[in-house]
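Notes follow the structure.
Both backbone and side-chain heavy atoms feed into the values below; hydrogens, waters and symmetry mates do not. Here the structure is a predicted model, which means the values were calculated and not measured. Naming: A, B, ... by sequence-line order, numbering from 1 per chain.
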There are 2 protein chains.
Amino acid sequence: MPEATVARLPLYLRALTNLAERGVATVSSEELAASAGVNSAKLRKDLSYLGSYGTRGVGYEVDFLRHQITREIGLTQDWAVVIVGIGNLGHALANYGGFASRGFRIAALVDADPSRLGEEVAGLNVRHADELEQIVQDLGIAIGVVATPARAAQLVCDRLVAAGVTSILNFAPAIVQVPEGVDLRKVDLSTELQILAYHEQRKNGAALALTAEQAAELAEAVNG
Amino acid sequence: MPEATVARLPLYLRALTNLAERGVATVSSEELAASAGVNSAKLRKDLSYLGSYGTRGVGYEVDFLRHQITREIGLTQDWAVVIVGIGNLGHALANYGGFASRGFRIAALVDADPSRLGEEVAGLNVRHADELEQIVQDLGIAIGVVATPARAAQLVCDRLVAAGVTSILNFAPAIVQVPEGVDLRKVDLSTELQILAYHEQRKNGAALALTAEQAAELAEAVNG
DNA sequence: AGACGCTTGTGAACGTATGCACAAAGTTGC
DNA sequence: GCAACTTTGTGCATACGTTCACAAGCGTCT
Ligand SMILES: NC(=O)c1ccc[n+]([C@@H]2O[C@H](COP(=O)([O-])OP(=O)(O)OC[C@H]3O[C@@H](n4cnc5c(N)ncnc54)[C@H](O)[C@@H]3O)[C@@H](O)[C@H]2O)c1
Ligand SMILES: NC(=O)c1ccc[n+]([C@@H]2O[C@H](COP(=O)([O-])OP(=O)(O)OC[C@H]3O[C@@H](n4cnc5c(N)ncnc54)[C@H](O)[C@@H]3O)[C@@H](O)[C@H]2O)c1
């Protein structure tokens, strides 16, 4: 299955969940695509990788398709997650209810700062980074979330990997190397803002260019 | 300039900043690519869109290239940003120092909950959503960050756009429509975790398949 | 039963992105 | 001043992703 398709399955799943909550039983690719904000041909091609779950002339059965995608993504089981670095962002993530409802259970919180140890966040005690290996093994954790400062990110990832974690979501603005077989994704908020800034600048530039053009037109009108 | 290139420029900028802090004056595409975690040919092609700023046989001058990328992204000016929704995540974002150091100034915080009004977060008073238009215009805000619940996201974006914001970063797990000319990017943490879960599941599946294969080999060994 | 209308699933064309490989262009050493 | 070496910038082949367009399939209505 293409990586681009995998990245969209959660989107479809969410759209289907919304439809199910609104009591919709059947949906066409056109409607579902609109709900997910994609092109309908793309949606159909994506779904075709799961199998032929639609009915021609009718569409897709919402509950059934939802179950198929859930199974494909691997959300029939709950995944235990450890968050490393319980600062600003770590607190927000730990307190976020949206993960549990999507099949992810925050199983442990870890920080290196002794003053944070024992602090209770979202019903969990913050534990020391030295216990990481033990925690990962005891709780069967496969996914780690890194919310430490950038300079600690590589070290933390190394320790997560050594402890047996094979999927990492990194929030620190740092390039991290992981061995083959470990999946690393990064969420980079500054980069997102910078991409917006780039386009914003060009918009203003375009506006200015338009003004120049208008000025030229005006000049021509005066001269002509 | 290709969108994929734009998305990598911030990465290069960060790598260059790290190098500059370490006192490195010149860097080859090979070294810079390694720092940014990309292929060196890709890096050179990306940089070639900015112009011919390298010196053959030598590499790129760190400070100069950094300045060029900064200019290209549009970070020579500071961008004023408003955060809408000062809950878990909004607090973390407001308190995050990493934005200011990258050219983004959190200029205002807005929430709809009356009990939050006047609360001071990161040196700013939380103001009411009704003031949004006024705030955006007074402070010359071009970029909005949405950290409200999903059900409010479309409404908030509509109001941001109406107020004159033309770039939005959305953290709410909702599909939001914006008019042409407005840039919308989304950061979707649940989706990221779900993509990891998909691959994690396949890893386990692969492991099981391998075990089955080993079992078959074993059976063959016994039979043969 | 057959015709009609709707929607899926997919082949094919197109566009974008990546990475190789190398000529061109520079530096260094003698 | 020239040869040897290094590194950039880019043409080209390949891979990946998207979108169009339509035949095949299903339900419905007469
Ligand atoms: N806060 C945000 O909104 C935001 C936005 C974008 C990016 N980020 C990035 O996310 C990361 C966390 O940001 P933050 O604002 O929460 O920072 P923070 O300083 O508030 O928290 C970092 C936490 O990590 C802990 N820590 C440090 N080294 C550690 C180690 N080796 N092992 C375990 N824990 C360790 C610290 O004790 C601290 O509690 C940073 O890399 C930041 O750049 C944050
Ligand atoms: N907290 C996280 O780590 C996290 C992670 C992933 C996604 N998200 C998403 O980010 C968003 C915010 O998450 P949170 O945990 O901070 O939620 P939260 O409930 O703590 O905060 C939401 C805030 O938005 C405010 N709000 C509601 N409607 C508003 C409106 N119309 N105008 C202005 N403000 C309004 C609320 O008063 C509240 O203060 C949610 O959509 C959530 O799904 C959060």
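- A:Glu61 has its CD atom 15 Å from the C1' atom of D:dG27, to the nearest Å.
- You won't find any donor-acceptor pair under 3.5 Å spanning the side chain of A:Lys45 and the base of D:dT18, going by distance alone.
- With A:Gln201 contributing its side chain and B:Glu72 its backbone, the two residues share a donor-acceptor pair below 3.5 Å.
- Nucleic acid contact class of B:Ala41 (heavy atoms, under 4.0 Å, all strands): base.
- Under a 3.5 Å cut-off, the side chain of A:Arg102 and the backbone N or O of A:Pro10 do not form any donor-acceptor pair.
- Listed nucleotides: C:dT8, D:dC20, D:dT7. Nearest to the side chain of A:Arg44: C:dT8.
- Look at A:Asn39 and you won't find any side-chain N or O under 4.0 angstrom from OP1 or OP2 of D:dG17.
- A close approach under 4.0 Å does not occur between any side-chain nitrogen or oxygen of B:Ser29 and OP1 or OP2 of D:dT7.
- The two atoms that bring B:Leu11 and B:Ala36 nearest to each other are CD2-O, 3.4 Å, heavy atoms only.
- Side-chain N/O atoms of A:Tyr60 include one lying less than 4.0 angstrom from OP1 or OP2 on C:dG9.
- Side-chain to base pairing of B:Arg56 with D:dT7: no donor and acceptor N or O lie closer than 3.5 Å to each other.
- Using a 4.5 Å heavy-atom cutoff, the side chains of B:Leu169 and B:Ile143 are not in contact.
- Residue B:Ser28 has no polar side-chain atom (N or O) positioned under 4.0 Å from OP1 or OP2 of D:dT7.
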